[in-house]
> 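Sharing a structure with you now.
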Amino acid sequence: MNEIPTRYNPKEVEDKWYKFWEENKLFHAEPNSKKKPYTIVIPPPNVTGILHMGHALNNTIQDILIRYKRMKGYEAEWMPGTDHAGIATQNVVEKQIAKEKLKRQDLGRDKFLEKVWAWKEEYGSTIIKQLKKLGCSCDWDRTRFTMDKEYSRAVTNVFISLWDKGLIYQDDKVINWCPRCLTALSDEEAPHRELDGNLYYIKYPFKDNPKEFIVVATTRPETMLGDTAVAVNPKDKRYKKVIGKTLVLPLVNREIRIISDAIIDMKFGTGAVKVTPAHDPNDDILGKKHNLKFINIFHPDARLNENALEYRDMDRFEAREVILEDLKDQKLLEKIEPHKLSAGHCYRCHTIIEPYLSRQWFVKMQPLAKPAIEAVKKGRIKFYPKRWTKVYLNWMENIQDWCISRQIWWGHRIPIWYCKSCASSVVSREKNKTQYAVRDTQYVKGIIVSETKPEKCPHCGSNELVQDQDVLDTWFSSWLWPFATFGWPDKTEALKYFYPTDCLVTAQEIIFFWVARMIIAGFEFMGDIPFSQVYIHGTVRDDTGKKMSKSLGNIIDPLEVINEFGCDALRFSLVSITSTGQDVFLSKKKFEIGRNFANKLWNASRFILMNLSEKIDVDLCQFVQKEKLNLAERWILSRLYNTIQDVDKALEDYRFNEAASILYEFVWHNFCDWYIETAKLNIKNKTTQIILYKVLEKSLRVLHPFMPFITEEIWQNLPHQNKGSIMINCIPHVQKELLSMKDEKDMQLIIDLVICIRNIRHEMQVQLDKKIKIILVIDEKKAAKTIEENASYIKNLAKVETIEILEKLAKPIVQSASSVVGKLSVYIPLAGLIDVDKEKARLKAKIEELTGFLNLNNSKLENKDFTKKAPKEVVENIRIKNETVKESLAQVKKNLEMLK
RNA sequence: GGGCGCAUGGCGCAGUUGGUUAGCGCGCCACGUUGACAUCGUGGAGGUCAUAGGUUCGAGUCCUAUUGCGCCCACCA
């Protein structure tokens, strides 16, 4: 036994046990009619991803849930996989080929995609390997990738299904355009950030009187090149008479009309707005309504195009400066005011997005949202913490159409085909199905749908068909995750058994991107909720509250932490400091919590293993008889089972930090600090050994979901018959007959007494090797008996030589230090050692404390309203407490008297 | 313009439906190495729970307002 090291060394055990679990297929789940399923689908990390603290927290929580439920007897399925992350991955590969001075256009679509797949093959499983380092018990046999053939079939199917319902359409709209990624983005992908900008007041001269102007205010003067109107509010007295007149757009000399629309805010700026239909979402609406010209002034990369005349090819921000100079020269720039504005930023590259008129594909969301709203309102899907319900509903109830086409190459290509010869288009559909959907709207005239390239155009028979160049938004595949991963659209056994899933664990950032859309997709394609609970955890930040990011350089790498502190330490620490839904502020120091705890557990186990006698049959530990146990033993078992119960309750409510602290408190401060210390006195005793073993063995099982590696390592070193993994054992059943409030109270008296004696020793500076005598005065027979029975513990833990128990104090004990514990008076005769002044001060402080408490309670009891209105229990409790305190106080006062 | 979160001992945080003498970890002070553990043990100091009102017999916990910090949403030209 001596070969067990005094420090837990995670490096030696983690990989070993992970391999053991994997080889024994312990993470795999199959439809099993004898068990209830418990399913979690992982938020699929990007293939480009590398493990960061957000992942670590997110996946630790999922792993705790899944391991716990598995040990609770569920068929627990944790579906893993990765997301192809269209733009992100394309960007990575573009950067890679840029080193060879190549652009994707130089390679062409097919060659470039080959490169991306090659990249995916080489690096795409990095994050999976890292999740394994975290101990995640995912069902790797089912690992999915959103670009897998089967998964892609589901995506195409969904597109066609929505198409058939008329929920997908193509339109020319001003959308969010990233001039760097050169693609459209959805509204969610272009989060607004506040910028310090200016409001520029520009004079637009009247055509019939060039000396008169209308002044417009704008934050983006360069867009004036695309202006095709100026709008005012019809009620605005300042402008009433000029509505319908013509202005001459400066620099461009285009004639534009003054129109009126109630949407214009008279209070903002000058009340007159320049209208740029092709470059502003509002102006887009105005332009369509008033039949204005749409003039696009930008190249896709946001340099100005030929419509910008002499500003052509300038960058948008450079052009702004030049235009302002030119306006100044012409005395058309009235003034500049500083102004805060917010602008969309590309969520992948942070470039300021450009509102840009282009033809894109959209999903009509409103009809789809209805059941998703209902489900949450009716509580079929619950958010933890609840407050996110409101955020979700607010978004869902104001849902906008979803722009799903992306002008990139990496992704699911839109299954639409166009016929060159008759100008029809085709929506591609599944093989063997020949029915084509043909819709007669402005934009989709003669469109052809087909999963693979159709042989010929259904309209004219030509075989000159070309597929739409765009791919679908990444989230258009992720929203199918909870069922497409189980084989949908096929009706697989797994799908039937595991869907709907149980809990979705994620961060707030993707509620709209993903959670909300999954709920929509669940109803639309499965006819049911995708999960019943959503647990939203906080964001991981550094210790100053900043989000962790590479560019800020404040990253704490989970793998480094695992290397330095161990995986279990990482997991336990993370969970301990994350209270429900609150953001987590991290510093490396915080991982000491888990490391130290793991070490404590390790050493407690080490102690127990070193002391178990060879002959003992530990498998008998299941059959302990309560009548044969002493107080300490009954106490620790009661504590154990209460702990197991409390952990269960905490996990049901997703209060992970509470579960962790309950376990910490039990293992460290009940089991190690007290039970093991008492056990040392009878360590040769068979019952003692059995109890030590039993408590350890059961604790390990409850701890396992939190700290999988160390618990398996210790488990495997236990001398039991059960050589299978700890994973396949159950969370201990609570032996209700061993729960005892009385035992817990009685033991607490012993503990308090020991602490009290230690305290006096310390205050009076009585060395530990100095044997002392104590006199206890108590008139309660039961309590006296408890103390008598446990005298040996008190003697050993408080280093007391003799204990004398009296019913009453016949004569004063001179030269003693004294105290009270409940109704018990403690005297420690310390002839020659006692510092009378110190002792007086001690007693006075005690008197003050007790008096304060007594006064507080008395004032409560004297208050008739209180005794009348407060629950009986509360009043009674205070009465009882007060009685005890009164007695204590009287005793302490007497003791003080004696010192005089 | 709406919505949300957070303000508790030096630091980081708990505190579930209002009733505990307000807890935990780190740090601090003092003592300690009798073989589970110094990644440890023992004892201790330290808080008018942001401010002002209110509801209540009773408020860290509920309501209103204020201050400070942070976040989200929105078509503020």
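Proteins get letters first, then strands, A, B, ... in listed order; numbering begins at 1 in each.
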> Does a side-chain N or O of Asn759(A) approach OP1 or OP2 of G44(B) to a distance below 4.0 Å, or not?
yes
> So which nucleotide from A14(B), G3(B), A77(B) ends up closest to the side chain of Ile264(A)?
A77(B)
> Please state whether the phosphate of U39(B), meaning OP1 or OP2, lies under 4.0 angstrom from any side-chain nitrogen or oxygen of Lys600(A).
no
> Looking only at the side chain of Ala870(A) (C-beta and beyond, no hydrogens), which of the listed nucleotides C57(B), C4(B), A36(B) gets closest?
C57(B)
> What is the separation between atom CE on Met764(A) and atom P on G44(B), rounded to the nearest whole Å?
13 Å
> Measure across Ile683(A) and Thr688(A) and return the closest heavy-atom pair with its distance rounded to 0.1 Å.
CA-CG2, 4.5 Å
> Record whether the side chain of His762(A) comes under 3.5 Å of the base of A30(B) through a donor-acceptor pair of N or O atoms.
yes
> Among G25(B), A36(B), C26(B), which nucleotide has an atom closest to any side-chain atom of Asn603(A)?
A36(B)
> Rounding to the closest angstrom, what is the interatomic distance between U56(B) and G68(B) at atom P?
31 Å
> Under 4.0 Å between a side-chain N/O of Trp674(A) and OP1 or OP2 of G41(B), yes or no?
no
> Would you mind classifying the nucleic acid contact of Arg595(A) as base, sugar-phosphate or nothing, using non-hydrogen atoms under 4.0 angstrom?
base
> Would you state whether a donor and an acceptor, one from the side chain of Gln400(A) and one from the base of A74(B), lie under 3.5 Å apart?
no
> Can a side chain N or O of Lys860(A) be found less than 4.0 Å away from OP1 or OP2 on G58(B)?
no
> Can you tell me the pairing partner of G19(B) across any strand shown, Watson-Crick or G-U wobble, with both distances under 3.5 angstrom?
C57(B)
> Would you indicate which nucleotide in G12(B), A77(B), G19(B) comes nearest to any side-chain atom of Asp265(A)?
A77(B)
> Over how many whole Å does the gap from Ile755(A) atom CD1 to U42(B) atom P extend?
9 Å
> Any side-chain N or O of Asn398(A) less than 4.0 Å from the OP1 or OP2 oxygen of A74(B)?
no
> Look at the side chain of Arg758(A) and decide which nucleotide, out of U42(B), C73(B), A77(B), has an atom nearest to it.
U42(B)
> Say we look at C4(B) and G18(B): how far apart would their C1' atoms be, to the nearest angstrom?
24 Å
> Between His339(A) and Phe268(A), does the ring centre distance come in under 6.0 Å?
yes
> Considering only heavy atoms and no angle criterion, is a donor-acceptor pair shorter than 3.5 Å present between the side chain of Arg7(A) and the base of U39(B)?
yes
> His345(A) side chain to Ala343(A) main-chain N or O, any donor-acceptor pair under 3.5 Å?
yes
> Rounded to the nearest 0.5 Å, what separation is found between the CH2 atom of Trp602(A) and the CZ atom of Arg595(A)?
16.0 Å
> Out of the candidates Asn642(A), Val647(A), Asp646(A), Ile636(A), only one should pair with Phe666(A) under the side-chain contact (heavy atoms from CB on, under 4.5 Å) rule; please name it.
Ile636(A)
> The side chain of Trp668(A) lies closest to which of these nucleotides: C76(B), C40(B), U39(B)?
C40(B)
> Answer yes or no: does a side-chain N or O of Ser579(A) lie under 4.0 Å from OP1 or OP2 of A14(B)?
yes
